[in-house]
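Here's the structure we're looking at; comments come further down.
Each chain gets a letter, A, B and so on, in the order the sequences are listed, and its residues count up from 1. Heavy atoms only: backbone and side chains are in, while hydrogens, waters and symmetry mates are out.
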Amino acid sequence: MKGRSIEPFFWSLFSSGGMLAALVLPALALALWVAIPLGWLQAPGHQHLVALIGHPVTRLCLFGLIALASFHWGHRFRFTLYDGLQLKHLFGLIATLCYGGATILTAVAAYVLWTF
Amino acid sequence: MADSVAIEVRRYRPEEKSEPYWQRYEVPVREEWMILDALNYIKDNLDGSLSYRWACRMGVCGSCGMMVGGEPILTCASYLADHLPGPIRIEPLRGFPVVRDLVNNLDDFMDKLTAVKPWIVREQEQPLSEGEYLQTPEELDAYKQYSMCINCMLCYAACPIYELEPAFIGPAAIALAQRYNFDSRDQGAEERMDHLSRDEGIWACTFVGECSVVCPKDVDPAGAIQRYKVKAMTQWYKSMLLPWGERKR
Amino acid sequence: MNPEYRLYHPKWHRRKVPIFWWLRKWSYMKFILRELTSLAVVYAAVLLLLQVVAVSRGEEAYANFLAFLERPRVLAANILIILGLLFHAVTWFNLAPQALVLRLLGRRIPDRVVLLAHYLGWLAVSALIFGGLARL
């Protein structure tokens, strides 16, 4: 085991985040940010949404989605910069920015959903 | 069909010029000719100084891989007529250093190949009296696809990651590691994992997928690498959650 | 003769990789676009979080947020993001059979079946989301 990288951990976040994003996000984004603003779908009332998000299961799901989607981005974007722009020599900086950004986003999501 | 076609070869002759250059040849078109036949025509009739590798002419030796029109192919397995009207541009495989004309240096691939131990590893050989290692058709089926690799290195030439990061172990070597990992007679998966689950191993791969597209034997190295990642991930979690069972075989 | 050449000292030629190497081939281009969908994913995560914040701040903040979503520029940007998300989903599912090799009774489950299962799952989840939101 010695010398093996921590990459499997980040990859597990990347791949579960990617799967979740692929399954959930297109429909969610289409409904919330296109169908509702265009009036194809009635905007849910504020009270209903408060009740929905107030439920612990909803909050847990939202947290999982946001956290994993963030780390999906962090991991994938890190390699996009490495390979797409040939910035591998900046690996320390890039990894810090990508995973750091994902961690901050996860922390903010945890705070917002915890105090909802 | 056209009578002749222009072939432009990327030539490199270090004793004459430090940089590669393009040279154009006109070769006749014959229906049954492969790209390799056109190169042989040049060598035999037009320019004996042209250097390239080939051997079997039937797509099994894996030595005549070149970039034709920017794509890595086996030149013995692609009809000249399919590349008309030309000019047909022929270059050495990408990603490898060029020794001369279309000839690459293969040391890097050979070193990587031996490093993944592409042979059956046993902790202890079974005594002869117990007979041969038997295998069911299902057990054969588990690795057969990966055993079709002919080491032609087209997958390396198609892989942008290998070109960007020459330390990357690369598609064929990882697929061949899997060929033995999935073999019921083999016990070397753990050793190979130590070598392959590194940043320059499976984790450098970003699943561009071109290796599997160009593979002439449908080995699907890209799939082999992703399966390796899944395996490495489950092992990583196991070793984290059950530290005492880390070296369990 | 090349004056830099020394007899019996092989001099290999190494090609430089251009910075924008992915412009060379359409398949590489597609790969880079696929990788860039991660930006759409993180955008969606942030916007979702902002929407939750808006809801938590009360009725007025929520109404403001809905008005913000109706601005033509925001709407256009979101449509672009959704195209990115769709590209992510399609490429993700299409590659899944290569990574996910399942065996049943000693035989490999055909790629088509794995692919179909993913798309059916996608359809089911999408229907659930639309149905759920329409009911609220």
Item to check | Pairs of heavy atoms under 4.5 Å with chain A: top-ranked of L47(C), V90(C), I19(C) | outcome: L47(C)
Checklist entry - V42(C), V53(C), I32(C): which one forms the most heavy-atom pairs within less than 4.5 Å of chain A? => result V42(C)
Next on the checklist: Given 3.5 Å as the limit, does a donor-acceptor pair link the side chain of H46(A) with the main chain of V55(C), or not?
Outcome noted: yes
Item to check | Contact winner vs chain C - H48(A), Q47(A), H75(A), M19(A), heavy-atom pairs under 4.5 Å | outcome: M19(A)
Checklist entry - Rounded to the nearest 0.5 Å, how far does OG1 of T80(A) lie from CH2 of W22(C)? => result 11.0 Å
Item to check | Contact class of L68(A) relative to chain C, heavy atoms under 4.5 angstrom | outcome: neither
Checklist entry - So does R103(C) have more than 12 non-hydrogen atoms from other groups sitting under 6.0 Å from CZ? => result yes
Item to check | Note, S38(C) side chain near F79(A) side chain (heavy atom, < 4.5 Å) | outcome: no
Next on the checklist: Which one wins on heavy-atom pair count under 4.5 Å against chain C: V108(A), T115(A), D83(A), L62(A)?
Outcome noted: D83(A)
Checklist entry - Under 6.0 Å from the CD atom of E70(C), do we count more than 12 heavy atoms belonging to anything else shown? => result yes
Checklist entry - Given the options V17(C), I82(C), V74(C), which has more heavy-atom pairs under 4.5 Å with chain A than any of the others? => result I82(C)
Checklist entry - Are F65(C) and W33(A) near enough that their ring centres are under 6.0 Å apart? => result no
Checklist entry - Looking at Q51(C), R57(C), H118(C), E59(C), which has the largest count of heavy-atom pairs under 4.5 Å with chain A? => result E59(C)
Checklist entry - In Å and rounded to the nearest 0.5 Å, what is the OG to CG distance from S56(C) to L113(A)? => result 9.5 Å
Next on the checklist: Is L30(A) close to chain C through its backbone or its side chain, or both, or neither, when contacts mean heavy atoms under 4.5 Å?
Outcome noted: both
Checklist entry - For L23(A), is it the side chain, the backbone, both, or neither that has a heavy atom closer than 4.5 Å to a heavy atom of chain C? => result both
Next on the checklist: Let me confirm one number: the CD1-CG distance from I66(A) to L49(C), rounded to the nearest 0.5 Å.
Outcome noted: 4.5 Å
Item to check | chain A contacts, top residue of G84(C), G132(C), G58(C), A67(C) (heavy-atom pairs, under 4.5 Å) | outcome: G58(C)
Item to check | Y119(C) atom OH, over 12 foreign heavy atoms within 6.0 Å | outcome: yes
Item to check | Atom pair CG/CG of L133(C) and L28(A) - distance to nearest 0.5 Å | outcome: 6.5 Å
Checklist outcome for this item: When the 4.5 angstrom heavy-atom criterion is applied to V112(A) and chain C, the contacting part is side chain
Checklist entry - If every non-hydrogen atom of W122(C) is compared with every non-hydrogen atom of A22(A), which pair is closest and at what distance? => result NE1-O, 3.0 Å
Checklist entry - Roughly how far apart are R76(A) CZ and L36(C) CG, rounded to 0.5 Å? => result 9.5 Å
Checklist entry - Does any heavy atom of chain A fall under 4.5 Å from the side chain of L69(C), the backbone, both, or neither of them? => result both
Checklist entry - Checking heavy atoms, do the side chain of F63(A), its backbone, both or neither come under 4.5 Å from chain C? => result neither
Checklist outcome for this item: Under 4.5 Å to a heavy atom of chain C? For L41(A) that would be side chain
Checklist outcome for this item: d(L39(C) CG, W73(A) CH2) to nearest 0.5 Å is 8.0 Å
Checklist entry - Would a distance-only check, ignoring hydrogens and angles, find a side-chain to backbone donor-acceptor pair under 3.5 Å from Q86(A) to P18(C)? => result yes
Checklist entry - So which of A127(C), A40(C), A44(C) has the biggest tally of heavy-atom pairs under 4.5 Å with chain A? => result A44(C)
Next on the checklist: For A21(A), is there any backbone N or O sitting under 3.5 Å from a side-chain donor or acceptor partner on H88(C)?
Outcome noted: no
Next on the checklist: Is there a side-chain contact (heavy atoms from CB on, under 4.5 Å) between L75(C) and L38(A)? Walk through the geometry before answering.
Outcome noted: CA-CA 9 Å; L75(C) 191 63; L38(A) 285 179; 3.6 Å; yes
Item to check | Per-residue contact mode, F93(C) against chain A (heavy atom under 4.5 angstrom) | outcome: side chain
Checklist entry - Checking T37(C) against chain A: side chain, backbone, both or neither under 4.5 Å from a heavy atom? => result side chain
